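Single-structure report; data block below.
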Amino acid sequence: MKSDQKFATRRKLVDSALKLSAQRGFSSLSLREVTKEAGITPSAFYRHFHDMEELGLALIDEVGLSLRHLLRE
């Protein structure tokens, strides 16, 4: 079940980044802000993403998938 926990933590990071990005924009976010919002330590971030740019790319993928689902409906 370790992979379930890893997925859940990654999900928290993505959700936290989406929430904060909606408020201020992604470019103004810091790694510490995102990890604080997600409730994890900054060092744990690196188990899921190489850097903030990689997190940003994951957000783009996430939003793209959501838009595709909406268009199909």
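Keep in mind that this is a model prediction, so the values were computed, not measured.
- Here the closest non-hydrogen pair linking R10 and A58 is NH2-CB, 4.2 Å.
- Between S16 atom OG and L29 atom CG the span is 10.0 Å, to the nearest 0.5 Å.
- Q23 CD to E33 CD: the interatomic distance, rounded to the nearest 0.5 Å, is 9.5 Å.
- For the atom pair K6 NZ and D4 CG, the distance stands at 12.5 Å (nearest 0.5 Å).
- Taken to the nearest 0.5 Å, the CZ atom of F26 stands 4.0 Å off from the CE atom of M52.
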Would you tabulate the side-chain donor-acceptor contacts of residues 66-73 under 3.5 Å, counting partners in other chains and residues two or more places apart, or write 'none'?
unit_1	atom_1	unit_2	atom_2	d
S66	OG	E62	O	3.2

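- Side-chain contact between L31 and F49: absent, with no pair of heavy atoms (C-beta onward) separated by less than 4.5 Å.
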| request: For side-chain contact (heavy atoms from CB on, under 4.5 Å), just list the numbers for L59 and V14, CA-CA rounded to whole Å, side-chain angles, deciding distance to a tenth of an Å, and then say yes or no. | output: CA-CA 7 Å; L59 294 181; V14 170; 3.7 Å; yes
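- Across all non-hydrogen atoms, the minimal contact from V34 to L13 is CG1-O, 3.8 Å.
- Note on L55: it clusters hydrophobically with V63, by side-chain heavy-atom contacts below 4.5 Å among ILVMFWY residues.
- Separation of atoms CD1 (I60) and CG (L65) is listed at 12.0 Å; rounding is to 0.5 Å.
- Tested against D15 for a side chain to side chain donor-acceptor pair (under 3.5 Å), the candidates K19, K12, R11 yield a single pass: R11.
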| task | Apply the test side-chain contact (heavy atoms from CB on, under 4.5 Å) to residues R47 and T9: give CA-CA distance (whole Å), side-chain angles for both, the deciding distance (0.1 Å), then the verdict. | result | CA-CA 10 Å; R47 292 185 201 121; T9 302; over 6 Å; no
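- A 6.0 Å sphere centred on CD of E53 holds no more than 12 heavy atoms belonging to other residues, nucleotides or ligands.
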